[in-house]
Protein chains: 2
Amino acid sequence: MSQHRPTGPNGRSGGVPALPDLPEATVARLPEYLRALHHIAETGNDTISSEGLAAAAGVNSAKLRKDLSHLGSYGTRGVGYDVALLIDQIEFTLGLTQRRAVALVGVGNLGHALAGYAGFASRGFRIAALFDADQARVGEPINGLDVRHISELATVAAAESIAIGVIATPAAAAQDVADALVAAGVTSILNFAPCVLSVPEGVDVRKVDLAIELQILSFHEHRKSALTSLPGGLAEEAVGT
Amino acid sequence: MSQHRPTGPNGRSGGVPALPDLPEATVARLPEYLRALHHIAETGNDTISSEGLAAAAGVNSAKLRKDLSHLGSYGTRGVGYDVALLIDQIEFTLGLTQRRAVALVGVGNLGHALAGYAGFASRGFRIAALFDADQARVGEPINGLDVRHISELATVAAAESIAIGVIATPAAAAQDVADALVAAGVTSILNFAPCVLSVPEGVDVRKVDLAIELQILSFHEHRKSALTSLPGGLAEEAVGT
DNA sequence: CGCGATTTGTGCACGAGTTCACAAGCGCTT
DNA sequence: AAGCGCTTGTGAACTCGTGCACAAATCGCG
Ligand SMILES: NC(=O)c1ccc[n+]([C@@H]2O[C@H](COP(=O)([O-])OP(=O)(O)OC[C@H]3O[C@@H](n4cnc5c(N)ncnc54)[C@H](O)[C@@H]3O)[C@@H](O)[C@H]2O)c1
Ligand SMILES: NC(=O)c1ccc[n+]([C@@H]2O[C@H](COP(=O)([O-])OP(=O)(O)OC[C@H]3O[C@@H](n4cnc5c(N)ncnc54)[C@H](O)[C@@H]3O)[C@@H](O)[C@H]2O)c1
């Protein structure tokens with residue numbers, strides 16, 4: 001869930017590449033298309049049909065075509081999309097032409113796993129700094145980076161041009177950490193702590209909560225088991241994110 | 001991606017509480033309400049207004065009331081909702097009255113963190129078994145559970161009535177693992193591997209992909225930085241260049 | 001016992017997102 | 001050069017979700 005500007009004032013008409021005002025739902029799918037495209041590129045294909053790409057990304061092909069049309073991307077009728085070109089277009093749209101620096105706060109159980117995660121680097125991001133409040137952890141080297149004390153956040157963030165922060169602290173500390181991140185100039189936050197963050201306008205927050213995902217699955221389990229005793233009902237399939 | 005029962009007449013047979021056909025968006029928010037309610041209960045409050053609960057859960061109060069009305073929950077006008085009662089109602093709806101057994105497959109970097117996560121237990125789930133394909137890891141005790149070899153999955157799943165599986169293996173192995181889970185009777189899967197899973201009808205899959213979350217944030221960063229460079233109108237070059 | 005303060009539940013209008021279905025465009029073949 | 005099969009791009013209908021605004025319900029109090 002992210003915070004949202006109320007219909008941003010984007011009425012402009014410059015000669016700029018013009019950021020198309022993409023539907024949020026489309027934005028959320030672009031990364032999936034991108035991953036699928038990289039996979040396809042690795043298998044040697046240089047073009048892909050909307051049908052094929054849609055299957056690889058797990059979506060409906062009409063939806064995929066509409067999504068791509070939103071960002072003005074041109075495929076070739078009768079042929080499909082040029083894989084390399086499309087990758088470039090999506091990466092540009094997502095702002096991945098520059099590798100973005102990320103700060104990770106809270107190097108505990110989860111933080112350790114994240115700090116060592118290779119998928120970060122391979123998909124456009126660079127963990128630029130690790131922070132923790134626990135002095136016992138400060139100085140510990142993880143994956144080539146030393147854990148720093150949270151008090152250094154502002155300094156380091158400025159030095160490394162960090163605009164994205166990841167919170168992996170206990171929920172009780174998350175709001176304080178978020179405030180510190182915002183104060184340090186961070187404008188996008190990914191929050192793993194199970195709590196609601198309050199941030200100023202202009203700062204985006206996304207949240208990942210494992211328990212919530214499981215509880216949603218639990219609901220469907222509950223429903224499925226109730227249905228098996230009822231006639232006429234048939235089971236269902238996947239659930240979107 | 002999403003699913004729909006073909007207009008289930010919802011013919012309630014006996015005197016059973018009757019499953020209301022909740023909108024998917026509502027289902028996705030119920031866990032958040034539940035978490036907020038537990039938090040509120042801890043602070044000693046026994047009733048809460050829709051306004052208060054909505055704030056705690058980070059949503060609009062009208063939306064919250066509509067969500068709750070869907071599951072037939074009755075608050076008291078002029079007063080608010082009974083916290084304890086509402087917790088029970090939501091937990092029942094989500095199928096959390098029984099503690100659900102979960103199998104975790106892939107005890108690597110991320111899997112370790114998940115296996116040690118307390119939030120699992122405190123929110124209605126029980127990690128019933130850990131699996132890995134790496135013989136070197138088999139037998140390792142984590143948090144009171146021994147890692148078992150993936151070949152034991154079917155046996156253990158049946159014995160422990162496991163209906164939910166979590167995949168924390170590399171993407172290359174995820175589809176095989178998913179197949180194995182399904183074969184073992186699992187009907188809900190939470191997938192941390194960055195890939196699309198194909199599963200038979202009747203099996204629910206939810207996916208958590210850290211890189212996707214970051215890329216969505218990146219998009220908004222991109223957009224924000226483009227906007228600040230042209231506040232009024234004059235636009236030369238916005239990005240990159 | 002009635003009145004005002006409060007808060008729920010919901011009808012309704014609007015907007016976002018999805019899906020269908022098909023014309024238009026492209027390349028290959030004859 | 002014309003025809004044919006394939007695939008994109010998109011108008012339009014439709015479904016789903018959101019939020020306003022207000023009537024109905026309840027409580028506390030004088
Ligand atoms: N472990 C998991 O698998 C998992 C899964 C989902 C969500 N989460 C959530 O992620 C968060 C972290 O979980 P964990 O298991 O790693 O916990 P943890 O206790 O192992 O680690 C938390 C870390 O945050 C640090 N910290 C505490 N307060 C801080 C502050 N003010 N500033 C900076 N650092 C601070 C602690 O020193 C510690 O190192 C929790 O909110 C948890 O609910 C964890
Ligand atoms: N580490 C993270 O923070 C993080 C974050 C987001 C997503 N992920 C994703 O989660 C997955 C796991 O990441 P990780 O860092 O823990 O990787 P990892 O390599 O540390 O662990 C993977 C584990 O899976 C086991 N495994 C491999 N094939 C298996 C099979 N067929 N059956 C059972 N077990 C098998 C391996 O033995 C290993 O123990 C990856 O897909 C990764 O992209 C990781």
Side-chain angles (χ1 to χ4, degrees), chain A residues 1-8 10 20-30 32-33 37 40 45-83 85-86 89 216 236-241, chain B residues 1-8 20-30 32-33 37 40 45-83 85-86 89-90 216:
Chain A
M1 302 286 153
S2 58
Q3 324 247 324
H4 275 301
R5 268 176 295 302
T7 313
N10 75 340
D21 195 2
L22 295 184
E24 194 56 32
T26 295
V27 173
R29 282 187 295 265
L30 289 181
E32 193 69 52
Y33 301 157
L37 282 165
I40 288 164
N45 288 3
D46 51 354
T47 64
I48 181 76
S49 71
S50 65
E51 202 72 47
L53 180 52
V59 304
N60 179 302
S61 73
K63 196 189 294 187
L64 177 123
R65 287 198 300 276
K66 181 147 290 186
D67 282 342
L68 294 185
S69 79
H70 277 126
L71 49 95
S73 162
Y74 284 5
T76 310
R77 296 177 190 219
V79 177
Y81 297 91
D82 182 292
V83 174
L85 176 67
L86 198 47
Q89 289 230 21
I216 295 172
E236 311 297 335
E237 73 310 327
V239 180
T241 307
Chain B
M1 258 188 159
S2 67
Q3 73 285 39
H4 281 297
R5 193 165 321 298
T7 319
D21 196 4
L22 295 184
E24 194 55 33
T26 296
V27 173
R29 282 186 295 264
L30 288 181
E32 193 71 52
Y33 301 157
L37 282 165
I40 288 164
N45 287 4
D46 51 354
T47 65
I48 182 76
S49 70
S50 65
E51 202 71 48
L53 180 51
V59 304
N60 179 303
S61 74
K63 196 187 296 188
L64 177 123
R65 288 198 299 277
K66 183 151 293 189
D67 282 342
L68 294 186
S69 78
H70 277 127
L71 51 96
S73 162
Y74 283 5
T76 310
R77 298 178 188 218
V79 178
Y81 297 90
D82 181 291
V83 174
L85 176 67
L86 198 48
Q89 289 232 20
I90 295 180
I216 295 172

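Labels below follow one simple rule: chain letters A, B, ... track the order of the sequence lines, proteins then strands, and each chain is numbered from 1.
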Between [atom2] on [N] and [atom1] on [X], what's the gap in Å once rounded to a whole number?
{"X": "Tyr74(A)", "N": "dT8(D)", "atom1": "OH", "atom2": "C1'", "value": "12 Å"}
{"X": "His70(A)", "N": "dT10(D)", "atom1": "NE2", "atom2": "P", "value": "9 Å"}
{"X": "Leu68(B)", "N": "dT7(C)", "atom1": "CG", "atom2": "P", "value": "16 Å"}
{"X": "Glu51(B)", "N": "dG9(C)", "atom1": "CD", "atom2": "C1'", "value": "15 Å"}
{"X": "Asp82(B)", "N": "dT7(C)", "atom1": "CG", "atom2": "C1'", "value": "15 Å"}
{"X": "Glu24(A)", "N": "dT18(C)", "atom1": "CD", "atom2": "C1'", "value": "16 Å"}

Any residue meeting side-chain hydrogen bond (donor to acceptor under 3.5 Å, both in side chains) with [X], in chain and number order, not counting sequence neighbours:
{"X": "Thr26(A)", "value": "Asp67(A)"}
{"X": "Ser50(B)", "value": "Arg65(B)"}
{"X": "Glu32(A)", "value": "Arg35(A), Lys207(B)"}

Partners meeting side-chain contact (heavy atoms from CB on, under 4.5 Å) with Asp46(B) (sequence neighbours left out): none
Under the rule for side-chain contact (heavy atoms from CB on, under 4.5 Å), what residues qualify as partners of Asn45(A), not counting sequence neighbours? Ile40(A), Thr43(A)
Please tabulate, for the side chains in residues 51-59 of chain A, all donor-acceptor contacts under 3.5 angstrom to protein atoms that are two or more places apart in sequence or on a different chain.
none

Do you know which two heavy atoms are closest between Val27(B) and Leu22(B), and how far apart they sit? CG2-CB, 3.8 Å
Which nucleotides of nucleotides 1-7 of chain D have their base under 4.0 Å from a protein heavy atom (B), which only their sugar-phosphate (S), and which neither (-), written as one string 5' to 3'? -----BB
Pairs: protein N or O with nucleotides 18-20 of chain D N or O, under 3.5 Å:
residue, atom, partner, partner atom, Å
dT18(D), OP1, Arg29(B), NH1, 3.0
dT18(D), OP2, Arg29(B), NH1, 3.2
dT18(D), OP2, Arg29(B), NH2, 3.0
dG19(D), OP2, Lys63(B), NZ, 3.3
dG19(D), O6, Lys66(B), NZ, 2.5

Do any side-chain atoms of residues 75-82 of chain A form donor-acceptor pairs under 3.5 angstrom with protein atoms, and if so which ones, sequence neighbours left out?
residue, atom, partner, partner atom, Å
Asp82(A), OD1, Ala84(A), N, 3.1
Asp82(A), OD1, Leu85(A), N, 2.9

